[in-house]
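Below, chains carry the letters A, B, ... as their sequence lines are ordered, and counting in each starts from 1.
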Amino acid sequence: AQSVTQLGSHVSVSEGALVLLRCNYSSSVPPYLFWYVQYPNQGLQLLLKYTSAATLVKGINGFEAEFKKSETSFHLTKPSAHMSDAAEYFCAVSASNYQLIWGAGTKLIIKP
Amino acid sequence: DTGVSQDPRHKITKRGQNVTFRCDPISEHNRLYWYRQTLGQGPEFLTYFQNEAQLEKSRLLSDRFSAERPKGSFSTLEIQRTEQGDSAMYLCASSPLALQETQYFGPGTRLLVL
């Protein structure tokens with residue numbers, strides 16, 4: 001069965017600093033992996049996805065993620081944090097029938 | 001190109017009442033999913049449709065919950081005899097046939113059961 005673990009329920013970085021949000025997955029088959037962002041009281045917006053093409057995936061808003069099979073990881077990074085990046089970020093893996101299995105989320109806090 | 005829409009955005013009800021939520025997917029998306037999200041948690045899968053057929057239901061979906069997609073377009077999720085534990089955000093997502101792995105989410109319906 002697939003599962004997702006996000007390390008750190010809260011991550012705090014200074015504006016302009018590197019953002020690193022961690023995601024580890026387990027899957028018995030080559031996975032589809034996703035990062036979504038959720039702003040307060042809103043739905044989920046797709047940031048990027050991995051579908052077995054390039055291992056380094058570029059997404060919207062300057063985010064990217066690297067698929068590392070040996071580490072079963074799909075960490076999300078952004079070189080320079082902006083105040084508008086403050087939100088909750090969810091990692092997900094696609095299970096059978098493409099339903100998504102989600103991590104618990106990481107709230108990103110940006111310090112001015 | 002409009003996105004997924006959900007109605008209402010917020011619903012407050014008293015315990016024991018029935019509520020119904022509507023989801024309009026992106027046009028021509030054949031798959032439609034319902035998820036539930038409680039505060040501080042990731043979403044949990046409830047059910048999904050391919051066209052009008054409901055193909056899978058989670059064990060989370062008790063007998064009080066029912067979902068329909070009668071013409072393969074919009075979907076409704078009904079909760080009968082609501083309980084306080086039903087308070088959550090209910091999210092709808094849709095995906096196209098050509099990219100079934102990619103789900104696009106609506107803004108959600110936040111339910112509060114008093």
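- A/Gln99 and B/Gln103 share no donor-acceptor pair across their side chains, judged by distance under 3.5 Å alone.
- The side-chain heavy atoms of B/Phe45 and A/Trp102, taken from C-beta on, include no pair separated by under 4.5 Å.
- A/Tyr98 approaches B/Glu101 most closely through the heavy-atom pair CD2-CA, 3.6 Å.
- Contacts of A/Gln42 with chain B are made by backbone atoms alone, with heavy-atom separations under 4.5 Å and no side-chain atom involved.
- For B/Glu68, the CD atom sits in a loose shell: 12 or fewer heavy atoms of surrounding residues, nucleotides or ligands are nearer than 6.0 Å.
- When the candidates B/Ser95, B/Ala93, B/Gly106, B/Pro43 are compared by the number of heavy-atom contacts under 4.5 Å with chain A, B/Pro43 comes out ahead.
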Problem set entry | Step-by-step side chain to side chain contact (heavy atoms under 4.5 Å, CB included) determination, A/Leu100 to B/Tyr33 | CA-CA 10 Å; A/Leu100 294 175; B/Tyr33 297 79; over 6 Å; no

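- Note: the hydrophobic cluster containing B/Tyr48 does not contain B/Ile26 (ILVMFWY, side chain heavy atoms under 4.5 Å, direct or indirect links).
- Of the two parts of A/Leu44, the backbone and the side chain both hold a non-hydrogen atom closer than 4.5 Å to a non-hydrogen atom of chain B.
- Connection of A/Tyr32 to A/Trp35 is not established within any shared hydrophobic cluster, with ILVMFWY side chains joined at heavy-atom distances below 4.5 Å, either directly or through further cluster members.
- Counting non-hydrogen atoms of other residues, nucleotides and ligands closer than 6.0 Å to CZ of B/Arg64 gives a total above 12.
- Per-residue counts of heavy-atom pairs under 4.5 Å with chain B were compared for A/Lys107, A/Gln6, A/Gln45, A/Lys49; the largest is that of A/Lys49.
- A heavy-atom distance below 4.5 Å is found between the side chains of B/Gln37 and A/Phe90.
- For a residue to count as touching a neighbouring chain, one of its non-hydrogen atoms must lie under 4.5 Å from one of that chain's; by this rule A/Ile101 does not touch chain B.
- In this structure, no portion of A/Ser9 lies under 4.5 Å from any heavy atom of chain B.
- A/Tyr36 and B/Val4 end up in different hydrophobic clusters when Ile, Leu, Val, Met, Phe, Trp and Tyr side chains are linked at under 4.5 Å.
- Following chains of ILVMFWY side-chain contacts shorter than 4.5 Å, one can reach A/Tyr50 starting from A/Leu76, so the two form part of one hydrophobic cluster.
- Proximity to chain A is limited to the side chain of B/Leu99, based on heavy atoms less than 4.5 angstrom apart.
- Each of B/Met89 and A/Tyr89 belongs to its own hydrophobic cluster when Ile, Leu, Val, Met, Phe, Trp and Tyr are linked at side-chain heavy-atom distances under 4.5 angstrom.
- Contact of A/Gln38 with chain B is made through the side chain alone, with heavy-atom distances under 4.5 Å.
- The local environment of CG in B/Leu39 is sparse, with at most 12 non-hydrogen atoms from other residues, nucleotides or ligands closer than 6.0 Å.
- Residues B/Thr102 and A/Phe34 have side chains in contact (heavy-atom distance under 4.5 Å, counting atoms from C-beta outward).
- At most 12 heavy atoms of other shown residues, nucleotides or ligands fall within 6.0 angstrom of atom CD1 in B/Ile12.
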